[in-house]
Asks: 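Shown below is the structure under consideration.
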Amino acid sequence: MPKSFYQYLMTQRNPESYDPVATFANNAFYDSSFPKQETDFTEISKYLEENAGYLPSMTIFDDAWQLYLAALA
């Protein structure tokens with residue numbers, strides 16, 4: 001079974017970084033409702049659009065998703 005997006009995202013955490021993906025990861029860590037086992041782009045995207053006020057732009061998610069796919073390859 002592939003690593004979930006959340007598992008990958010947690011590898012990008014860095015509280016001292018201003019990188020948008022790291023900031024996204026830091027904030028997702030504190031989001032207790034984040035779909036932690038999900039691997040589907042559409043499901044995660046829908047969740048973030050409806051619930052993630054901490055994500056200023058979905059482009060950051062798109063960038064993180066591309067990094068996730070590259071890590072799975």
Asks: Should Leu48 and Ile44 count as side-chain neighbours, where that means a heavy-atom distance under 4.5 Å?
Replies: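 Yes. Closest side-chain heavy atoms under 4.5 Å.
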
Asks: Listed by chain and number, what are the side chain to side chain contact (heavy atoms under 4.5 Å, CB included) partners of Ser33, not counting sequence neighbours?
Replies: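 Partners of Ser33 by the side chain to side chain contact (heavy atoms under 4.5 Å, CB included) criterion, ordered by chain and then number, come out as Asp31, Tyr47.
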
Asks: Enumerate donor-acceptor pairs with a distance under 3.5 Å from any side-chain N or O in residues 13-20 to protein atoms, sequence neighbours excluded.
Replies:
{"residue": "Asn14", "atom": "OD1", "partner": "Glu16", "partner atom": "N", "Å": "3.0"}
{"residue": "Ser17", "atom": "OG", "partner": "Asp19", "partner atom": "N", "Å": "3.0"}
{"residue": "Asp19", "atom": "OD2", "partner": "Val21", "partner atom": "N", "Å": "3.0"}
{"residue": "Asp19", "atom": "OD2", "partner": "Ala22", "partner atom": "N", "Å": "3.1"}

Asks: For residues 63-73, which side-chain donor-acceptor pairs fall under 3.5 Å, sequence neighbours excluded?
Replies:
{"residue": "Tyr68", "atom": "OH", "partner": "Lys3", "partner atom": "O", "Å": "2.6"}

Asks: Asn26: what forms a side-chain hydrogen bond (donor to acceptor under 3.5 Å, both in side chains) with it, not counting sequence neighbours?
Replies: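 With sequence neighbours excluded, Asn26 shows a side-chain hydrogen bond (donor to acceptor under 3.5 Å, both in side chains) to no residue whatsoever.
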
Asks: Answer yes or no: does atom NZ of Lys46 have more than 12 heavy-atom neighbours from other residues, nucleotides or ligands under 6.0 Å?
Replies: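 No, not enclosed.
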
Asks: For Tyr6, which residues count as a side-chain hydrogen bond (donor to acceptor under 3.5 Å, both in side chains) partner, sequence neighbours excluded?
Replies: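 None.
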
Asks: According to side-chain hydrogen bond (donor to acceptor under 3.5 Å, both in side chains), who are the partners of Ser57, at least two apart in sequence or on a separate chain?
Replies: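 Partners of Ser57 by the side-chain hydrogen bond (donor to acceptor under 3.5 Å, both in side chains) criterion, ordered by chain and then number, come out as Thr59.
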
Asks: Please name all residues satisfying side chain to side chain contact (heavy atoms under 4.5 Å, CB included) with Thr23, sequence neighbours left out, ordered by chain then number.
Replies: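 If we apply the side chain to side chain contact (heavy atoms under 4.5 Å, CB included) test to Thr23, skipping adjacent residues, the hits are Asn27.
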
Asks: So, taking the atom named CZ in Phe5 and the one named CD in Glu43, what distance separates them when rounded to the nearest 0.5 Å?
Replies: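 Reported to 0.5 Å precision, the distance equals 14.0 Å.
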
Asks: Check side-chain hydrogen bond (donor to acceptor under 3.5 Å, both in side chains) between Gln7 and all other residues, then give those that pass, not counting sequence neighbours.
Replies: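 For Gln7, the residues satisfying side-chain hydrogen bond (donor to acceptor under 3.5 Å, both in side chains) (neighbours in sequence not counted) are Ser4.
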
Asks: Which residues pass the side chain to side chain contact (heavy atoms under 4.5 Å, CB included) test with Ala28, sequence neighbours left out?
Replies: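 Leu9, Met10, Phe24, Phe34, Tyr54.
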
